[in-house]
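Read the structure below first, then the notes.
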Amino acid sequence: MQSATPQVSNAIESVIKRDRLVVIAGVLAVVAIAWTYLVFLAQDSDGMGSGMAMAQLKTWSAADFGMMFLMWAVMMTGMMVPSAAPMILIFATVNRRRQEQDRPYVSTAIFLSGYLVVWCGFAAVATVGNWALHVNDLLDKMMGGSTSDYLGGSLLVVAGAFQWSRLKYTCLTQCRSPLSFLMTDWREGAGGALRMGVTHGIYCVGCCWVLMLLLFVLGIMNLLWIAALAGFVLLEKVVPHGDRMSKGTGLLLIVWGGLMIFGVIT
């Protein structure tokens with residue numbers, strides 16, 4: 001029995017490593033599909049994308065709302081799923097260990113679905129905001145950035161101030177501590193996994209929602225800024241002292257916004 005224990009342990013670890021590779025491959029596939037769609041939108045219709053072609057219209061139909069919501073939902077998926085990867089991997093590992101112990105376990109996809117449901121809710125709100133800015137001629141027709149220095153500067157200042165807020169760091173702490181989150185918020189069954197995904201998604205939105213609104217300043221279809229924001233959100237959650245980086249970035253955003261409001265830069 002004693003000689004068999006290391007063999008069993010090694011077998012379990014081997015299965016866990018295989019599961020991690022499967023989860024990583026799945027996450028990469030989701031992100032790749034999302035980014036492929038965004039690149040297609042950016043290149044289609046003379047650089048505006050089919051999702052932005054409605055920018056030439058003064059009013060939107062239900063189909064236009066649907067297309068814009070799809071664009072925001074896909075964009076949030078491509079930007080936020082990479083930053084959730086550490087949580088997804090740990091969730092998959094815990095589930096595999098529970099399976100090896102003959103305890104109840106669920107598919108990691110259910111957890112991810114709950115996470116994406118929350119970001120789709122954010123996408124719906126962003127779509128309404130997109131429409132409101134559009135009908136008031138406050139968005140550029142090409143990249144979808146703000147045409148008002150006052151609006152753009154104000155959003156930058158608000159985003160910078162938010163980087164110092166208590167809400168920001170309460171949510172960021174949860175996102176930076178996936179194991180602690182699973183230990184305190186674990187729920188059994190498929191419904192529990194979905195609820196956990198929703199809860200983690202709420203923390204993630206609470207941490208990043210103002211940063212996502214900066215797309216109205218930088219350009220809704222500006223792929224370079226979309227990638228830069230996605231990279232920053234990931235670094236906030238995984239690098240040591242990510243909270244300090246957030247505060248430093250907050251100061252830069254406030255200065256940038258102030259210079260834009262006073263017309264020093266545009």
Side-chain angles (χ1 to χ4, degrees), residues 30-83 116 118-160 162-163 201 204-205 207-234 236 249 253 256-257 260-261 265-266:
V30 170
V31 173
I33 292 171
W35 275 94
T36 299
Y37 182 72
L38 292 177
V39 171
F40 168 74
L41 289 184
Q43 293 180 344
D44 191 27
S45 190
D46 296 327
M48 290 183 292
S50 57
M52 291 299 294
M54 68 189 72
Q56 303 300 330
L57 305 175
K58 189 62 180 179
T59 59
W60 289 6
S61 66
D64 294 327
F65 269 99
M67 290 174 61
M68 188 58 73
F69 167 74
L70 177 62
M71 187 201 73
W72 274 99
V74 172
M75 184 158 57
M76 292 302 98
T77 298
M79 294 179 70
M80 302 311 302
V81 169
S83 71
L116 292 179
V118 178
W119 277 107
C120 284
F122 174 85
V125 175
T127 300
V128 175
N130 203 150
W131 167 80
L133 293 174
H134 168 73
V135 297
N136 288 287
D137 294 322
L138 291 174
L139 287 183
D140 175 73
K141 296 297 190 293
M142 292 295 293
M143 288 289 102
S146 172
T147 58
S148 168
D149 288 343
Y150 293 107
L151 174 62
S154 297
L155 282 175
L156 287 166
V157 171
V158 169
F162 183 75
Q163 292 295 92
C204 194
V205 170
C207 173
C208 306
W209 68 276
V210 180
L211 292 176
M212 296 301 103
L213 293 184
L214 291 183
L215 290 171
F216 288 123
V217 182
L218 307 171
I220 298 168
M221 289 308 300
N222 189 320
L223 295 182
L224 290 178
W225 277 115
I226 292 173
L229 275 177
F232 176 76
V233 168
L234 175 61
E236 269 193 324
T249 303
L253 290 174
W256 184 4
M260 185 176 290
I261 290 173
I265 60 175
T266 58

Legend entry - Check against side chain to side chain contact (heavy atoms under 4.5 Å, CB included), W119 and V205: CA-CA 7 Å; W119 277 107; V205 170; 3.6 Å; yes
Inset, instruction - State, to 0.1 Å, how close L253 and G160 come at their nearest heavy-atom pair, and which atoms those are. - result: CB-CA, 3.7 Å
Inset, instruction - To the nearest 0.5 Å, tell me how far S83 OG sits from E236 CD. - result: 9.5 Å
Legend entry - Chi angles and distances behind the side chain to side chain contact (heavy atoms under 4.5 Å, CB included) call for W72, F69: CA-CA 5 Å; W72 274 99; F69 167 74; 5.6 Å; no
Inset, instruction - For L156 and M260, work out which heavy atoms get closest and say how close. - result: CD1-CE, 3.9 Å
Legend entry - Under 3.5 Å side-chain donor-acceptor pair for T127 and N130: no
Legend entry - Minimum heavy-atom distance V74-A34, with the two atoms named: CG1-O, 3.4 Å
Legend entry - Working for side chain to side chain contact (heavy atoms under 4.5 Å, CB included), residues M71 and M76: CA-CA 9 Å; M71 187 201 73; M76 292 302 98; over 6 Å; no
Legend entry - Nearest-0.5 Å distance that lies between atom OG in S148 and atom CG in L139: 10.5 Å
Inset, instruction - Hey, could you give me the CE/CH2 distance between M79 and W35, rounded to the nearest 0.5 Å? - result: 7.0 Å
Inset, instruction - Would you name the heavy atoms of I261 and Y150 that are closest together and state the gap between them? - result: O-CE2, 3.6 Å
Inset, instruction - Would you name the heavy atoms of G78 and V31 that are closest together and state the gap between them? - result: O-CG1, 4.0 Å
Inset, instruction - Determine, step by step, whether T77 and I33 satisfy the side chain to side chain contact (heavy atoms under 4.5 Å, CB included) criterion, reporting the C-alpha distance in whole Å, the side-chain angles of both residues, the deciding distance to 0.1 Å, and the verdict. - result: CA-CA 10 Å; T77 298; I33 292 171; over 6 Å; no
Inset, instruction - Using atom types as modelled and distance alone, determine if a side-chain donor or acceptor of T147 lies under 3.5 Å from a backbone N or O of D137. - result: yes
Inset, instruction - Evaluate the ring planes of Y37 and F40, with Trp represented by its six-membered ring, and classify them as parallel (under 30°), tilted (30 to 60°) or perpendicular (over 60°). - result: tilted
Which pairs would a plain distance check flag for residues 210-234, meaning a side-chain donor or acceptor within less than 3.5 Å of a matching protein atom at least two apart in sequence or in another chain?
{"unit_1": "N222", "atom_1": "OD1", "unit_2": "L224", "atom_2": "N", "d": "3.2"}
{"unit_1": "N222", "atom_1": "OD1", "unit_2": "W225", "atom_2": "N", "d": "3.3"}

Inset, instruction - Evaluate the side-chain proximity of M68 to W131: yes if any heavy-atom separation is below 4.5 Å, no if none is. - result: no
Inset, instruction - Measure the acute angle between the ring planes of W209 and F162, then classify it against the limits of 30° and 60° as parallel, tilted or perpendicular. - result: perpendicular
Legend entry - Shortest non-hydrogen contact from A73 toward A123: N-CB, 3.6 Å
Legend entry - Reported OG-to-CG distance for the pair S146 and L133, which is rounded to 0.5 angstrom: 7.0 Å
